[in-house]
J.: 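Dumping the structure here so I can ask a few things about it.
Quick note: numbers below take in every heavy atom, side chains included, and nothing from hydrogens, waters or symmetry partners. Ligands are counted one by one from 1 in listed order, and the atoms in each one are counted from 1 as well.
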Amino acid sequence: MKITNVETYLLDIPLKQRAITDSQTRLESVEFVAVRLDTDEGINGWGFNWNYTKGTRAVQAIIDDTYAPKLIGKDPLMYKTVLRELHYTNHFIGQVGITRVALCAVELAFWDIKLKVANLPLWKYLGPMKDKVKAYNTDGGWLQVTTDELIKDMTALVERGYDAVKMKLGLPDPREDFKRVKAVRKAIGDDIKLMVDVNTVWDLKTSKVWGRKLEELDVYWLEEPMNPFDKKAHAELAQSLDLPIAIGETIYTKYDFRDYIEMGAVDIVQADATKLSGIDEWLDVAALARCYNLEVIPHTNVQQKLHAQLAAATPNVPMVEHCYESIADIWEDPIKVVNGYYTLPDEPGLGCKLTDKVLTEYRIG
Ligand SMILES: [Mg+2]
């Protein structure tokens, strides 16, 4: 089998819900790069990557200008050697960041071809441990809503069957954050897991002081309290708190996860295959975490179908994030959550193709 054509799509897909904010970003749309690899045997593979800030045109350029010429004529079933070549194509301009985001999109397209050849969905190909996967929900906890709206949104999720929910922190005054967590805890009761996410804006002292306070409210984890480059600060924080520290959505290599784990700087590993170089590296991280008795609870916003399938085949993944429900229908056969559990797909392949309507309507390049 040989690759005969590489097609990329740059997309800007608006969120249908109200604009939402976390401590860093006001989110109104999600940019995508979708990749289609065509082969001489009529099978094609779809991969993607996403970005809820801007600048995805650079990712598309990496694929079109530096990867595509090297992909033509290659055997997609020998993809690991191909990916290695692609990595060294542009590693002087970026070992991580946009080059890895681009590499992942291609890796996912290779997996889609491999799974279509095997005639299996990802989770069955990997060898599942379970046939449904627990979801926790982040869509009720955005930062811009009033405390009354927050309580309404979070309790609505619990009523829909979620027993684990997450809310955003990182307001200018942490005392306001604390009051909101307290109000939500009171509203949802003691039996629901409640996680908080700072999106990296606190410093070490703030994280220590307010992390200790959050323990009083039985918070299940404190997510991305600080700059993810500062592993030493995370190690010191983890030493000083009983509250588990969760991090991973802005960590781009398995070597960084190794360092975090060995330094005792992370309790919940939130590895995201779309920030790593794809499925293979995610599986490496999950295996590494398992050796250290750590749980992996993948970060997602649009890539739930990928991670729910990985979770089904990985013993140390107890649940997977769910959010951005307003745009779930951008995917063909979108994954559903019923009573707090993901329903896994049956169709062969990765199952991560955007609909033709989305590929046409929101294409910007
Ligand atoms: Mg997060």
Side-chain angles (χ1 to χ4, degrees), residues 15 17 19-28 30-31 49-53 97 101 134-145 150 153-154 157 162 164-171 174 177 180-181 184 193-203 206-207 210-211 214 219-231 233-234 237-238 241 243-252 256-257 260 265-276 282 285 289 294-304 306-308 310-311 317-327:
L15 297 178
Q17 69 210 88
I20 48 183
T21 65
D22 61 26
S23 64
Q24 295 178 339
T25 314
R26 178 181 164 84
L27 305 104
E28 289 170 336
V30 187
E31 290 191 346
N49 219 317
W50 60 274
N51 170 25
Y52 52 55
T53 55
V101 167
K134 185 175 155 65
Y136 82 85
N137 199 305
T138 303
D139 251 343
W142 297 103
L143 204 58
Q144 85 285 354
V145 297
L150 178 67
D153 292 348
M154 295 291 263
L157 292 175
Y162 289 99
V165 289
K166 188 166 81 187
M167 59 182 284
K168 298 291 185 181
L169 304 190
L171 289 167
D177 282 329
R180 284 160 68 90
V181 180
V184 169
K193 288 189 175 76
L194 175 60
M195 293 78 83
V196 300
D197 184 359
V198 181
N199 289 101
T200 77
V201 297
W202 283 354
D203 59 16
T206 308
S207 302
W210 291 96
L214 289 166
V219 166
Y220 194 67
W221 74 59
L222 172 62
E223 177 170 326
E224 284 205 308
M226 300 176 288
N227 183 334
F229 286 108
D230 196 345
K231 296 168 189 159
H234 284 81
L237 181 65
L241 294 179
L243 179 59
I245 307 300
I247 189 161
E249 70 182 82
T250 43
I251 296 179
Y252 289 79
D256 289 296
F257 276 111
Y260 258 101
V266 59
D267 299 292
I268 307 286
V269 175
Q270 296 180 301
D272 178 341
T274 63
K275 290 288 160 272
L276 296 163
W282 187 93
V285 172
L294 293 177
E295 289 183 336
V296 178
I297 303 182
H299 164 261
T300 81
N301 44 46
V302 292
Q303 66 282 33
Q304 294 91 3
L306 169 61
H307 287 94
L310 290 169
V317 182
M319 58 182 174
V320 173
E321 184 169 16
H322 194 233
C323 68
Y324 282 36
E325 290 178 88
S326 81
I327 56 166

J.: Tell me, which protein N/O/S atoms are under 2.8 Å away from the Mg ion (ligand 1)?
T.: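 Result, waters dropped: Asp197 OD2, Glu223 OE2, Glu249 OE1.
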
J.: Compare every heavy atom of Thr21 with every heavy atom of Leu27, then report the nearest pair and how far apart it is.
T.: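 So the minimum-distance heavy-atom pair works out to CD1-CA, 4.1 Å.
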
J.: Assess whether side chain to side chain donor-acceptor pair (under 3.5 Å) is satisfied between Gln144 and Trp142, documenting all intermediate values.
T.: CA-CA 6 Å; Gln144 85 285 354; Trp142 297 103; over 6 Å; no

J.: Is there a side-chain contact between Phe257 and Leu294 in this structure, where contact means two heavy atoms from C-beta onward sitting under 4.5 Å apart?
T.: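 Result no, sub-4.5 Å side-chain heavy-atom pair not found.
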
J.: In this structure, is the centre-to-centre distance between the rings of Trp221 and Tyr136 below 6.0 Å?
T.: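 Ring-ring flag for Tyr136/Trp221: true, centres closer than 6.0 Å.
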
J.: So Gln24 and Val201, do their side chains get closer than 4.5 Å, heavy atoms only?
T.: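 In contact.
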
J.: Would you please classify the geometry between the His299 ring and the Trp50 ring as parallel, tilted or perpendicular, with 30° and 60° separating the classes?
T.: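 The arrangement is tilted - the two ring planes meet at 30° to 60°.
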
